[in-house]
Amino acid sequence: TATDRPRNAATPSEHERMKFPAAAVALTFALASTSSRISTPAHSFSLNMMSTQASSSARTNSRAAVGSKDASDDGGGGGRHPLDPIGRNFDNSWLGQLDPEDPSNRIKSLSYARGPENEDSLNRASRPVFNGHFVEVAPTPLRNPRLVLYSSDVAERLGLTEEDVTSEEFAKFFSGDVKGAFESHEESGHIDTRTWATPYALSIMGTRQSHNCPFGTGDGYGDGRAISVGEVVVSPEALDGPSSARYELQLKGGGRTPFCRGADGRAVLRSSIREFLASEAMHHLGVKTTRALSLVVSDGPNGNTSRRPWYSGDNKRTLPSMDDPRLARFSDEQKRQLLSQLAVQSRGDPDVMIMEPNAITCRVAPSFVRIGHLDLFSRRATKEMKSDGSGPKLDPSTPEWRELEKMIWHAAFREFPAAAYDPFHEKDDIVGAAKTLLNESMEAISTMIGGWIKVGFAQGNFNADNCLVGGRTMDYGPFGFVDEYNPLFAKWTGSGEHFGFLNQPQAGFANYAILVESVMPVIYEKLGEEEGEKVQSEIMEKAQETFQRKMDEVFRLKLGFDTDDAAADPVWETVEKLLRESRADYTMFWRRLTEVASEFPTLSSEAYGDMLDLLCGSDEVREGSSPFHEPLDAEYRSKFLKWIQMWRETLKLSDSSSSGDNNEVAERMRKNNPKYVLREWMLVDAYSKASKGDEYMIAELLELVQRPYDEGTEEQEKRYYRRAPDEALQAGGTAYMS
């Protein structure tokens, strides 16, 4: 499948929520009557839930590596080992600060083990893990590894040169042969080559889950095919944020772990290309994300392969047209709404099995601490409490409680050391650390989701286990960039409405509520019920305001207004409905509107007809250059004409352009409305060609996504500055995926 893993439940079931004495973490986000300024809540961006009615030359900041060196070449420079920059700087804080699985618990869990007999000794058999923050497990190396792509920017941050990256040792290490890669190192016996996978919990839309776990207890979730192979200490200048000065290296597709839940632990070339390109694209779009260092494929006829369900060329959805006789009793506006709803709901499952080569992407981040990590250890620390808060008191003397405290301290250390760790750790002030962690995470997660909305990104499977505490985009599985605008857009067939495009703020808030619920026990234990309840209430109220504010700011900026200029809000509300009804391409519309702002810099200009013509573009001049999949009829030309006038007059009267000159407005819009995003039809074309040996387009896309806000070359504009072809909106594996 697109995610190469068992599917999570698409719709959260009712599940008893953990509560603390007289102070359940209220999911105010989902349940309270959040006042919305939007007159149409079902399609607004408020927090209310929506519902349906390298064979290439070197590239800047990245490289195609089709021609990697073979075993006869010397790696590195000046005689040093190619992996010296990372090997000598390993400092695995996850292993040093946190606890391994207890041996007695491992013995207990082996009776549940599922998998080949020889996997037990290698710690790769699927089994429950009852305690500990990690299990040591070695990756399963790929046969015939070949480096396909790498990011020179990420390599440079790790101290690796081009010669290092194209060495045999690099290909070995990042294809899973961790120990073998260091065999030739003069200090190989002193380099920490331990590798590990971690357990975490699953929560969907604020509801804690365990029934999807193969053992029915929640003890089987975790890194099923992602294996961490080291934390590399770097200089603070190599980071993009406030995190600890280190990068963790994680091999996605590295083989089975105890959390594989019966799967093979592998990723295929198709999904690995998507992961690599998407993470790098998101970085250059200015949204916090995990990065990609390398993509290694198992090459040749003897390479590793996996069978995956996928879509044949015949798997397409067909939607009725506006003149379909079955819709005759509806008005045109109702027809458009129905067709828009059908476009979201009509998503089929794969219909063929295909054999694909295995590949491994090395994803890199200062930390991979998930909300699911804290969720798991909080559940265990409070497992004796009943849902109404009665039962045994919070007991800080238990091993489970100590695991929770360690996890909170580690999250603070990794993600926000200056704010949440350094001021509190020596004083053992876990309350101060926990409160600061929650405040910093609130800002980071809400900012990340605001970035997603800005660039038209739908994550697709935004559970708490896929949400990093540091507000960093991760897990590029069933993601997609919006083509034809729909507030409930999603590529994944299992996304439902709750993970739809403009419902992501609500999903993010639900994840954040789980984080609060997971951290609050230590605050209640130290402060008592009354003060703890006050802290919790203040945090949740602040979070609701923060998530809403971030969404407000997004569309203000996209329209050319300042972030605090509420005059933009009704302008967005008005055009949102028009975009839904006119089959508008999300990215093309906003960039075309930016062109209007640039070409008509004087806000007093009343050439609204010319502005509309520029906005609409012309498919006759260049195919796909109009943001509208169908030409606007007279009714909608009139509506958009009135809206353009509204937009311009509001700008003129607002404080966002005090001089009456639109240049500052146009520049603000250019920085918030990308011209190029990584559309699925581009990815399909790239990985389809790569599967036949032509990897040039992968490198071409990697170059494209590095400057998404620039105008691009003439060739890039011709090929990629266009709306999705109509057939791409119908084809399985492109329009939707399982």
Side-chain angles (χ1 to χ4, degrees), residues 1-11 50-53 204 267-268 270-275 277-278 281 308-321 336-354 356 452 455-463 466 475-504 507 579-580 583-587 629 677-688 691 723-738:
T1 65
T3 53
D4 300 332
R5 64 184 174 203
R7 182 188 298 184
N8 288 335
T11 305
M50 293 184 189
S51 61
T52 321
Q53 292 243 335
I204 303 177
V268 296
R270 165 178 49 83
S271 62
S272 299
I273 289 171
R274 295 178 80 252
E275 171 97 16
L277 292 177
R308 295 285 190 259
W310 200 235
Y311 295 87
S312 70
D314 297 327
N315 194 318
K316 298 179 181 180
R317 64 182 175 198
T318 56
L319 300 176
S321 63
R336 292 187 180 95
Q337 291 176 349
L338 286 168
L339 293 177
S340 178
Q341 180 177 330
L342 284 172
V344 171
Q345 295 176 337
S346 301
R347 297 183 290 210
D349 290 326
D351 57 341
V352 294
M353 296 292 292
I354 60 175
E356 302 182 75
W452 293 357
V455 303
F457 176 81
Q459 198 271 354
N461 190 26
F462 197 29
N463 302 324
N466 290 331
D475 195 27
Y476 292 92
F479 76 89
F481 285 89
V482 179
D483 290 310
E484 181 180 338
Y485 172 73
N486 189 303
L488 299 176
F489 170 91
K491 290 287 185 184
W492 187 36
T493 58
S495 291
E497 296 176 359
H498 46 289
F499 293 145
F501 176 53
L502 286 192
N503 275 339
Q504 291 180 117
L579 294 177
R580 268 187 285 124
R583 299 198 63 204
D585 182 279
Y586 189 78
T587 299
H629 284 271
V677 295
L678 197 62
R679 298 171 183 268
E680 195 64 32
W681 62 267
M682 300 178 187
L683 284 165
V684 170
D685 196 11
Y687 68 63
S688 297
S691 69
R723 67 177 186 270
D726 287 344
E727 57 270 20
L729 301 181
Q730 312 301 330
T734 307
Y736 52 88
M737 63 190 69
S738 176

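For Arg308 against Val268, the heavy-atom pair with the smallest separation is CG-CG1, 3.9 Å. Among all heavy-atom pairs drawn from Leu683 and Phe479, the shortest one is CD1-CZ, 3.8 Å. Residues Ala728 and Thr734 approach most closely at O-CG2, 3.5 Å, considering heavy atoms. Here the shortest heavy-atom pairing between Gln730 and Ala735 reads N-CB, 3.8 Å. Between Asn461 and Asn466, the shortest heavy-atom contact is O-ND2, 2.7 Å.
Checked by atom type and distance alone, the side chain of Gln504 pairs as donor or acceptor with a backbone atom of Phe501 at under 3.5 Å. Formation of a donor-acceptor pair under 3.5 Å by the Tyr311 side chain with backbone atoms of Ser738 is found in this model. Side-chain atoms of Lys491 do not come within 3.5 Å of backbone N or O of Gly460 as any donor-acceptor pair.
Between Asp585 and Arg679, at least one side-chain nitrogen of the basic residue sits less than 4.0 Å from a carboxylate oxygen of the acidic one, meeting the salt-bridge criterion. Using a cut-off of 4.0 Å between Lys/Arg side-chain N and Asp/Glu carboxylate O, Arg583 and Glu484 are scored as salt-bridged.
Rounded to the nearest 0.5 angstrom, Leu579 CG and Tyr586 OH are separated by 9.0 Å. Note that CZ of Phe499 is 8.5 Å distant from CZ of Phe462, once rounded to the nearest 0.5 Å. Note that the CG atom of Leu678 and the CG atom of Leu277 stand 5.5 Å from one another [nearest 0.5 Å]. The structure places CD of Glu356 at 9.5 Å from OG of Ser272, a figure rounded to the nearest 0.5 Å.
In this structure, His498 and Asn503 have side chains that are not in contact, with every pair of non-hydrogen atoms separated by 4.5 Å or more. In this structure, the side chains of Tyr476 and Ser271 stay at 4.5 Å or more apart for every pair of heavy atoms. Inter-residue side-chain proximity for Leu488 and Leu502 is flagged as unmet; no heavy-atom pair is nearer than 4.5 Å.
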Where do Phe481 and Thr587 land on the side chain to side chain contact (heavy atoms under 4.5 Å, CB included) test, with the steps shown first? CA-CA 9 Å; Phe481 285 89; Thr587 299; 5.9 Å; no
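Taking the centre and axis of the six-membered ring of Trp310, the NZ or CZ atom of Arg270 falls inside the cone set by 45° and 6.0 Å. Geometric assessment of Arg274 against the ring of Tyr687 yields a negative cation-pi assignment under the 6.0 Å and 45° thresholds.
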